[in-house]
Structure formats: structure tokens, C-alpha cells
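All values derive from a computational prediction rather than experimental measurement. All residue numbers refer to positions in the sequence shown, counting from 1.
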Amino acid sequence: PFVLAEAERGDADAAARRMKAIEPMRILVPNSEIRSLANEYYALLELPEKARTDAAHLAISVWYEINYLLTWNCTHIASGVTRRRITEFNGKQNLFTPIICTPEELMEV
């Protein structure tokens with residue numbers, strides 16, 4: 001899964017800490033419907049190719065009804081315009097919409 005690939009990137013020590021932290025977590029695997037939804041978000045949000053995985057994170061959060069989607073990507077995911085587009089799209093499709101925010105917003109820092 002792409003979450004593991006992302007966690008393994010970067011500084012080796014930091015990657016090892018991330019892998020240890022997520023070890024006990026359940027990995028949510030995308031199915032064909034999630035992949036289709038991710039493609040819809042990719043097009044809807046006009047994301048660049050480098051942000052395609054962000055659409056997959058969003059689709060998994062919606063499909064599994066995860067309450068919060070945390071991101072530091074304020075350009076492609078955590079912007080006000082993007083949040084509005086997602087909320088409107090999901091409302092029309094009768095889909096769950098997670099709260100999209102940065103970790104600092106969640107922790108009220």
C-alpha cells in the first residue's frame with residue numbers, strides 16, 4: 001500500500017520511527033470502488049500528477065468513513081476551496097465527508 005511506501009521515504013532514522021509508529025495500525029487497502037473515487041477526486045480537484053496519492057488518501061477516508069484526514073498539503077487538500085469542492089461533491093453523491101485539516105488545526109495549536 002502507498003501509505004507504507006510514503007512512510008518509508010526520506011531520512012532513514014525518521015522512516016524507521018514512522019514505520020514503528022504505524023506497525024500496530026490497520027492498513028486500509030483500496031478496492032476498485034476506492035480507486036474509481038480517487039480518480040474522480042483527482043479530476044474534480046484538478047490535482048497535478050505528483051498529488052495523485054492525495055486523491056487516494058481522500059477516497060480511502062471517505063470510503064471507510066474516517067472522521068479526520070490530516071494533511072500538511074494546504075495547496076491541494078487542506079485549502080478552503082478544495083474543502084468546499086469535496087463537501088459539495090460528496091453531498092451530491094451522498095458520501096461521507098471527513099474533516100480535512102492540518103495536525104496543528106486538529107490539536108488547536
Side-chain angles (χ1 to χ4, degrees):
F2 57 88
V3 172
L4 297 177
E6 287 181 326
E8 290 175 328
R9 280 191 244 165
D11 176 77
D13 290 334
R17 288 192 305 274
R18 285 191 296 272
M19 294 303 289
K20 184 171 178 60
I22 65 174
E23 188 176 291
M25 296 179 188
R26 179 175 156 219
I27 301 297
L28 303 176
V29 180
N31 58 34
S32 62
E33 292 177 15
I34 292 170
R35 283 188 284 278
S36 177
L37 185 57
N39 288 332
E40 289 187 63
Y41 288 133
Y42 177 74
L44 171 75
L45 302 174
E46 301 173 358
L47 297 173
E49 183 60 35
K50 68 179 184 176
R52 186 175 281 276
T53 304
D54 293 335
H57 285 294
L58 176 58
I60 285 177
S61 297
V62 169
W63 180 261
Y64 285 103
E65 298 189 359
I66 305 300
N67 290 326
Y68 292 91
L69 173 58
L70 299 181
T71 181
W72 280 289
N73 187 336
C74 296
T75 301
H76 301 125
I77 298 296
S79 76
V81 171
T82 300
R83 291 174 188 171
R84 180 184 48 78
R85 284 183 181 169
I86 293 166
T87 300
E88 289 174 358
F89 175 85
N90 287 356
K92 289 177 185 174
Q93 303 297 320
N94 199 30
L95 296 170
F96 174 83
T97 301
I99 296 170
I100 301 169
C101 60
T102 65
E104 292 84 2
E105 288 175 312
L106 180 66
M107 303 305 294
E108 298 180 346
V109 175

- Query: Is there a side-chain contact between Ile34 and Val29, using heavy atoms and a 4.5 Å cut-off?
  - Reply: no
- Taking atom CG of Leu45 and atom CZ of Arg85, what is their separation to the nearest 0.5 Å? 6.5 Å
- Identify the two heavy atoms, one from Thr71 and one from Asn73, that lie closest to each other, and give their separation to 0.1 Å. OG1-N, 2.8 Å
- Would Val3 and Ile60 count as a side chain to side chain contact (heavy atoms under 4.5 Å, CB included) if you check the C-alpha gap in whole Å, the side-chain angles of each, and the deciding distance to 0.1 Å? CA-CA 11 Å; Val3 172; Ile60 285 177; 6.0 Å; no
- Quick one: ring-ring contact (aromatic ring centres under 6.0 Å, His included) pairs with a partner in residues 16-59, sequence neighbours left out? Phe2-His57, Tyr41-Phe89
- Hey, quick one: are Met19 and Met25 part of the same hydrophobic cluster, counting side-chain heavy atoms closer than 4.5 Å, chains of contacts allowed? yes
- Working to the nearest 0.5 Å, report the span between CD1 of Ile100 and CD1 of Ile77. 6.5 Å
- Item | CG on Leu70 to CD on Glu104, rounded to 0.5 Å | 9.5 Å
- Item | Qualifying residue for side chain to side chain contact (heavy atoms under 4.5 Å, CB included) with Leu58, from Leu47, Leu69, Thr53 | Leu69
- Output yes when Arg52 and Glu49 qualify as a salt bridge under the 4.0 Å nitrogen-oxygen rule, no when they do not. yes
- Do Trp63 and Leu28 come close enough that some side-chain heavy atom pair is under 4.5 Å? no
- Query: Is a side-chain N or O of Arg18 found less than 3.5 angstrom from the main chain of Arg9, in a donor-acceptor match?
  - Reply: yes
- Is there a donor-acceptor contact under 3.5 Å from the side chain of Arg83 to the main chain of Ala78? yes
